[in-house]
*Asks:* 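Below is one structure. I have some questions about it.
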Amino acid sequence: MSQNKNVALERSAPQQPRPSNVYVGVGGSDSLCISPKRDHKSENYEDLQLEFNPLVFSSLEQYLPPHMLNLSREVKVQYMRNILLRYLPESERIRIQKHKEYRQKIMLNYPPLHREIYSMDAEKFFTPSFLRAIKENTEESFRSIMTEPCKGIYTFEMLQPRFCEMLVSEVDHFERWVHATKFRIMRPNIMNQYGAVLDDFGLEAMLDRLMSDFIRPLSRVFYSEIGGSSLDSHHGFVVEYGINRDVELGFHVDDSEVSLNICLGGEFSGGELFFRGVRCDEHVNSDIQPGEIFDYYHVPGHAILHPGRHRHGARPTTSGNRINLILWCRSSAFRELKKYRRDFSSWCEECKRKKKEKERLLVMATQQELMKREMQSAS
């Protein structure tokens, strides 16, 4: 990612939006429906050895054509797999396979420090207020523990101090093991030179549960227009800032539909996040509009939830050290169907602004035409 407003992103050619009751072809006979069948209960695919996360198949199943929904699981898997493979070139499949082997090698050799954090234990991980809100599972219960300091950005207390301490010490233990064994460590992304991918050393299943059971209920309510109801994969990692670590993070957008960012602790100053408006690919480098400026100050154990497309960055950590847990939550269905739309005014602020401006100009032109006709009639 580049600095300031030049956020480099891959763009696809815009296409005309299609009616919601048609299928979207993907280069062959396989197709998906634009609108999901919400009341359909998807199959469980966790027992199958597949190239993609089982949650991806469960999510995509709701978008299958109606005649496919009651067919056998094997037929549905093959149908969805053909769709997914069409967008994954062989070189990428090879890379994914090598990464899978890399993870397996780590997990066969790495001795965990706190085994209890490798499986979800909600009562020990989360604060009582957060758990209560999730169990009630209503918009009212969610809003009772949240603040919305800026449109579409939600902050709330989430993790217990003991869990934060264990996760920080687990990451430190893993990094020491990597150094001692001279094992190669993959960093979270191209922007962060310090930190670790939690999925790589055994925490993938726990983070899957975190996304599906605790973040997706929130996203279904607050981010339905950007795939919040169909989150099916994640990228989980920690980032480290401060002395002998990354200092700041440039202006960027996340490779996610919904992002969760939790401060795990540390004694530090500075490092606040700054947000500057939600944008689609087409408008990611557009100007900042009034009302889009928001800064967030980290509090250990507290989470901030925001759209991945909300442009943001991190200011310099001026003293001490800070470590944060990041969970990028993605929806394969939303990403697939997004390719066939051009108007994102339901969530892109620049699309919305341009649409309103176009409507304003159209109203003005209509008024002028009516006035012209009135003058002609009067004469």
Side-chain angles (χ1 to χ4, degrees), residues 1 53 95-121 125 158-211 215 233-250 252 254-256 259-268 271 273 298 300-301 303-304 308 312-314 317 320-330:
M1 295 290 180
N53 190 310
R95 187 195 67 79
I96 290 174
Q97 179 59 32
K98 287 183 176 180
H99 193 187
K100 185 177 180 180
E101 293 169 359
Y102 162 81
R103 286 183 176 181
Q104 290 173 340
K105 187 175 180 181
I106 288 179
M107 287 186 279
L108 284 172
N109 293 279
Y110 172 64
L113 179 65
H114 299 292
R115 291 186 180 277
E116 59 266 42
I117 69 173
Y118 283 76
S119 57
M120 177 58 68
D121 189 341
F125 290 6
M158 185 178 184
L159 296 181
Q160 293 190 25
R162 176 57 182 157
F163 173 76
C164 293
E165 292 169 5
M166 285 194 294
L167 184 54
V168 169
S169 62
E170 186 70 42
V171 171
D172 180 67
H173 178 67
F174 173 66
E175 291 181 334
R176 290 176 184 275
W177 176 81
V178 167
H179 180 75
T181 58
K182 295 181 170 52
F183 205 92
R184 182 168 59 96
I185 184 171
M186 290 189 181
R187 296 305 179 183
N189 52 62
I190 62 173
M191 298 176 290
N192 292 101
Q193 300 304 311
Y194 294 89
V197 179
L198 300 178
D199 301 315
D200 284 350
F201 59 97
L203 286 160
E204 181 177 16
M206 186 274 282
L207 294 176
D208 257 344
R209 285 282 310 280
L210 172 60
M211 181 193 69
I215 302 307
S233 65
H234 75 266
H235 176 49
F237 55 96
V238 295
V239 289
E240 301 173 48
Y241 294 91
I243 300 172
N244 299 321
R245 294 291 185 267
D246 289 323
V247 176
E248 60 187 338
L249 185 63
H252 68 285
D254 295 340
D255 183 13
S256 69
S259 292
L260 177 73
N261 186 332
I262 312 170
C263 181
L264 297 176
E267 295 290 333
F268 63 91
L273 297 178
H298 294 285
I304 179 167
H312 62 285
T317 298
N321 289 284
R322 172 173 64 87
I323 182 168
N324 281 51
L325 165 63
I326 312 291
L327 191 69
W328 286 353
C329 303
R330 297 159 174 163

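Predicted model only: the values in this text are computed from it and were never measured. No hydrogens, no waters, no symmetry mates; every other heavy atom, side chains included, goes into these values.
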*Asks:* Work out which heavy atom in C329 is nearest to a heavy atom in I215; give both atom names and the distance.
*Replies:* SG-CG2, 4.1 Å
*Asks:* For R162, which residues count as a salt bridge (Lys or Arg N to Asp or Glu O under 4.0 Å) partner, sequence neighbours excluded?
*Replies:* E165
*Asks:* For I185 and F183: C-alpha separation, side-chain torsions, deciding distance, then whether side-chain contact (heavy atoms from CB on, under 4.5 Å) applies.
*Replies:* CA-CA 6 Å; I185 184 171; F183 205 92; over 6 Å; no
*Asks:* Give the C-alpha distance, both sets of side-chain angles, the deciding distance and a yes or no for side-chain contact (heavy atoms from CB on, under 4.5 Å) between N261 and H298.
*Replies:* CA-CA 10 Å; N261 186 332; H298 294 285; 4.2 Å; yes
*Asks:* Nearest 0.5 Å, please: how far is CD in E116 from CG in D121?
*Replies:* 9.0 Å
*Asks:* Could you tell me whether a side-chain N or O of N109 sits under 3.5 Å from a main-chain N or O of K105, the two making a donor and an acceptor?
*Replies:* yes
*Asks:* Nearest 0.5 Å please: distance from the CE atom of M166 over to the CG atom of L264.
*Replies:* 11.5 Å
*Asks:* So how far is it from I262 CD1 to I323 CD1, rounded to the nearest 0.5 Å?
*Replies:* 12.0 Å
*Asks:* Can you sort out the partners of N321 under side-chain contact (heavy atoms from CB on, under 4.5 Å), two or more places apart, ordered by chain and number?
*Replies:* I243, R245
*Asks:* Keeping the roles fixed (side chain from R330, backbone from D255), state whether a donor-acceptor pair exists under 3.5 Å.
*Replies:* yes
*Asks:* So, E170 side chain and L113 main chain: donor-acceptor pair closer than 3.5 Å or not?
*Replies:* yes
*Asks:* For residues D199 and E204, report the shortest heavy-atom separation together with the two atoms involved.
*Replies:* OD1-CA, 3.3 Å
*Asks:* E101: which residues meet the side chain to side chain donor-acceptor pair (under 3.5 Å) condition with it, sequence neighbours left out?
*Replies:* Q97
*Asks:* Looking at residues at least two apart in the chain, or sitting in another chain, which of them share a salt bridge (Lys or Arg N to Asp or Glu O under 4.0 Å) with D200?
*Replies:* R103
*Asks:* With sequence neighbours excluded, what pairs up with F163 under the ring-ring contact (aromatic ring centres under 6.0 Å, His included) test?
*Replies:* F125
*Asks:* For a quick test of reading the model, state the closest non-hydrogen atom pair linking V238 to P188 and the distance between them.
*Replies:* O-CG, 3.5 Å
*Asks:* Please evaluate residues F237 and W328 with respect to the criterion side-chain contact (heavy atoms from CB on, under 4.5 Å), reporting the C-alpha separation (whole Å), side-chain torsions for both, the decisive distance (0.1 Å), and the verdict.
*Replies:* CA-CA 9 Å; F237 55 96; W328 286 353; 3.8 Å; yes
*Asks:* What distance separates S259 OG from H312 NE2, expressed to the nearest 0.5 Å?
*Replies:* 6.0 Å
*Asks:* For E267, does the CD atom have more than 12 heavy-atom neighbours from other residues, nucleotides or ligands under 6.0 Å away?
*Replies:* no
*Asks:* Using the side chain to side chain donor-acceptor pair (under 3.5 Å) criterion, which residues pair with S169? Sequence neighbours excluded.
*Replies:* H114
*Asks:* Enter the distance from M107:CE to Y118:OH here, rounded to the nearest 0.5 Å.
*Replies:* 10.0 Å
*Asks:* Measure across G195 and R187 and return the closest heavy-atom pair with its distance rounded to 0.1 Å.
*Replies:* O-NH1, 2.6 Å
*Asks:* Provide the closest heavy-atom pair for L273 versus A314 in the form atom of the first, atom of the second, distance.
*Replies:* CD2-CB, 4.0 Å
*Asks:* How many angstroms lie between CD1 in I106 and CH2 in W177, if you round to the nearest 0.5 Å?
*Replies:* 6.0 Å
*Asks:* Between F174 and Y110 (judged by ring centroids, cut-off 6.0 Å), do the two rings come close enough to count as a pair?
*Replies:* yes
*Asks:* What closest approach, in Å, do R322 and G271 show between heavy atoms, and which atom pair accounts for it?
*Replies:* NH2-O, 3.4 Å
*Asks:* Between H234 and D208, is any side-chain donor less than 3.5 angstrom from a side-chain acceptor?
*Replies:* yes
*Asks:* Do I326 and V239 have side-chain heavy atoms sitting under 4.5 Å apart?
*Replies:* yes
